[in-house]
Amino acid sequence: MSGLSRTLLYLVPAIILLSGSFPLGESAVGVNWGTISFHRLKPSTVVHLLKENKIKKVKLFDADPGALTALMGSGIEVMIGISNDMLAALSSSTDASDLWVRQNVSRYVVKGGADIRYVAVGNEPFLTSYSGQFQSFVVPALLNLQQSLVKANLAGYVKLVVPCNADAYESSLPSQGAFRPELTQIMTQLVSFLNSNGSPFVVNIYPFLSLYGNSDFPQDYAFFEGSTHPVTDGSNVYYNAFDGNFDTLVAALNKLGYGQMPIVIGEVGWPTDGAIGANLTAARVFNQGLINHVLSSKGTPLTPGVPPMDIYLFGLLDEGAKSVLPGNFERHWGIFSFDGQAKYALNLGLGNRLLKNAKNVEYLPSRWCVADPLKDLTNVANHLRIACSAADCTTLNYGGSCNEIGAKGNISYAFNSFYQLHMQNAQSCDFDGLGMVTFLDPSVGDCRFPVGVNDHKSSLAFRSCHRWTTIWISILGGMWFSLML
């Protein structure tokens, strides 16, 4: 018997004794609260937004002290996250895991504190594109963190999970689902651990990415309105990609002997901008169809009457500083814009018929930076490169909401994005005299020229976090040029 197996067996009895003390909450629709933004709302404003919309489950991608402090006393159940780059240290040292639990869990799980229910150990650590670099750290990190939770008397209340990407399993038909061959051993260890500790399997499912990445993917199969291209799998017929993907996971778990394991959807959603097919209408239809489908308790062909334990919509807010390496849509997943304003009508099934906007948002003054209509803009390209290398210009790309506002409109949008990023500093609207400040909103149709929010922090702090990637933007008469971000 390996040392890993002995440790698993050692932990199980203590876990079983503790796990019955705290009942699991009811299934619900939660949200992912990401914070990679140039203009961050105050955490207290976001928590108020959650409460106004009766959202009682939230998933964070880290253990941000500001967010957790704001969540204290809110009654909102929280999943906090550990980044993949921390897994190596946590897997090799119980001192490291003890310290992490003390600083990020114990200090908040107190009377009147934050209701932390889950710790997500890594984020999609088995992703194919990572080439296995985090794979060997996951289970050892879980075991060390579990021991640390036991020491802190929290093991029965706070559950460890590992959010997986749907590329961890594969099959041409749902009933034939299996984990990737190189993951079979580690997945067996993982699901055994989860089962022993009363933890669900967490998976991220994105029908949008299937549609975005495959021109032959039937568009109606991505939604919940029925499909003219259903998938027939024996006696089962699948009319949407979500059910097919979910049941592929169910089949994969069943092959390991854990077909009844509860499943939580850690991320699922639809972007509103930045690509063909990413728009307000599609996002509303997908998310409303998803919510109605899950809350109907209809289940799937392989799990009739048993819907996912919980789903966490991705995401709560747009994140304008995210890497666009996967696509420009990455900055536009929110059901709310960066300033907490609802993008479209959505009934979350939580008691409100429509989304409620954030209140008391501290906006910068109502002014914008635009291209001076009296100036010659022939030599504007370098200024655009500078503006869009720092600020978010993804809505100007093909398929974006501001793609058709004309050359001068595109220039103005880029200037304004840079101006708002710099908290409306007068010099940031100069552009060698080509820019001017206006008090008239230059927004056109669905193309919104934003005004920044005062987050009492420097928006520029996020610039150092950007990955280098290349985006292409059409600005002047069909001319394409490369902007290095």
Side-chain angles (χ1 to χ4, degrees), residues 34-42 45-46 272-274 317-325 328-334 336-341 358 361-372 380-397 400-402 405 408-439 441-444 447-473 475 481-485:
T35 57
I36 307 175
S37 179
F38 292 123
H39 298 279
R40 290 178 61 175
L41 291 176
K42 290 191 297 184
T45 301
V46 178
T272 58
D273 214 327
L317 302 164
D318 279 349
E319 298 176 83
K322 286 190 72 175
S323 167
V324 294
L325 189 60
N328 294 319
F329 54 82
E330 278 296 321
R331 297 179 175 179
H332 305 281
W333 289 98
F336 293 91
S337 52
F338 75 94
D339 53 353
Q341 306 307 296
V361 177
E362 297 181 17
Y363 289 99
L364 299 177
S366 295
R367 56 192 181 210
W368 297 262
C369 178
V370 297
D372 189 331
V380 76
N382 189 54
H383 295 297
L384 290 172
R385 182 186 62 80
I386 293 171
C388 291
S389 67
D392 179 27
C393 296
T394 54
T395 59
L396 299 178
N397 285 266
S401 61
C402 297
I405 62 173
K408 287 187 177 180
N410 287 345
I411 295 167
S412 292
Y413 187 94
F415 282 8
N416 183 64
S417 295
F418 188 80
Y419 178 63
Q420 303 298 336
L421 171 65
H422 287 266
M423 308 299 284
Q424 299 184 355
N425 181 291
Q427 291 182 337
S428 65
C429 187
D430 182 54
F431 297 104
D432 286 341
L434 299 181
M436 60 173 283
V437 174
T438 179
F439 296 92
D441 186 351
S443 298
V444 181
C447 177
R448 177 189 177 199
F449 280 58
V451 171
V453 299
N454 187 357
D455 60 4
H456 305 290
K457 296 179 182 177
S458 172
S459 298
L460 299 180
F462 293 98
R463 292 178 63 182
S464 62
C465 300
H466 283 190
R467 300 180 187 177
W468 290 88
T469 187
T470 302
I471 60 175
W472 298 87
I473 297 181
I475 300 288
F481 63 94
S482 171
L483 301 178
M484 296 305 297
L485 210 72

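Heads up: numbering here begins at 1 and tracks the sequence. From a predicted model like this one, the values you see are computed outputs, not experimental measurements.
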Under the criterion side-chain contact (heavy atoms from CB on, under 4.5 Å), I'd like the reasoning laid out for N425 against Q427: C-alpha separation, chi angles, the key distance, then a yes or no. CA-CA 6 Å; N425 181 291; Q427 291 182 337; 3.3 Å; yes
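Expressed to the nearest 0.5 Å, how far CD of E330 lies from OG of S323 amounts to 7.5 Å. Distance check, rounded to the nearest 0.5 Å: NZ of K322 to CG of D392 gives 12.0 Å. Rounded to the nearest 0.5 angstrom, L317 CG and S37 OG are separated by 8.0 Å. Rounding to the nearest 0.5 Å gives a distance of 6.0 Å between CG of L396 and CD1 of I405. One finds the CZ atom of F415 at 11.5 Å from the CG atom of N410 (value rounded to the nearest 0.5 Å). Atom SG of C369 is separated from atom CG of L421 by 12.0 Å, given to the nearest 0.5 angstrom.
The closest side-chain heavy-atom distance from H332 to E319 is not below 4.5 Å. At a threshold of 4.5 Å between non-hydrogen side-chain atoms, the residues D372 and F431 do not count as touching. Side-chain contact between L364 and V453 is absent, with no heavy-atom pair separated by less than 4.5 Å.
Partner of R331 under the side-chain contact (heavy atoms from CB on, under 4.5 Å) criterion, chosen from T394, D318, I36: T394.
Shown here for A387 and A414, the closest heavy-atom pair between the two residues is CB-O, 3.7 Å. Residues S428 and F418 come closest through the heavy atom pair O-CD2, 3.4 Å. Among all heavy-atom pairs drawn from P450 and N416, the shortest one is O-ND2, 3.0 Å. Of all heavy-atom pairs between T45 and A358, the closest is CG2-CB, 4.2 Å. When every heavy atom of C402 is checked against every heavy atom of Y413, the shortest pair comes out as SG-CE1, 3.7 Å. When every heavy atom of W368 is checked against every heavy atom of F439, the shortest pair comes out as CZ3-O, 3.6 Å.
Note on R448 versus D339: salt bridge recorded, some NZ/NE/NH1/NH2 to OD/OE distance being below 4.0 Å.
Checking side-chain atoms of H39 against main-chain N and O of Q420 turns up a donor-acceptor pair under 3.5 Å. With hydrogens and angles disregarded, a donor-acceptor distance shorter than 3.5 Å links the side chain of Q424 to the backbone of P365. With hydrogens and angles ignored, the 3.5 Å screen pairs no side-chain donor or acceptor of S417 with any backbone N or O of C393.
The aromatic rings of W333 and F329 lie perpendicular to each other, with more than 60° between the two planes, well past the 30° mark.
No side-chain donor-acceptor contact under 3.5 Å links D273 and T395.
When ring centroids are compared, F338 and F38 stay outside the 6.0 Å threshold.
Partners of V437 according to the side-chain contact (heavy atoms from CB on, under 4.5 Å) rule, which considers only residues two or more places apart in sequence or in another chain, are R367, Y419, C429.
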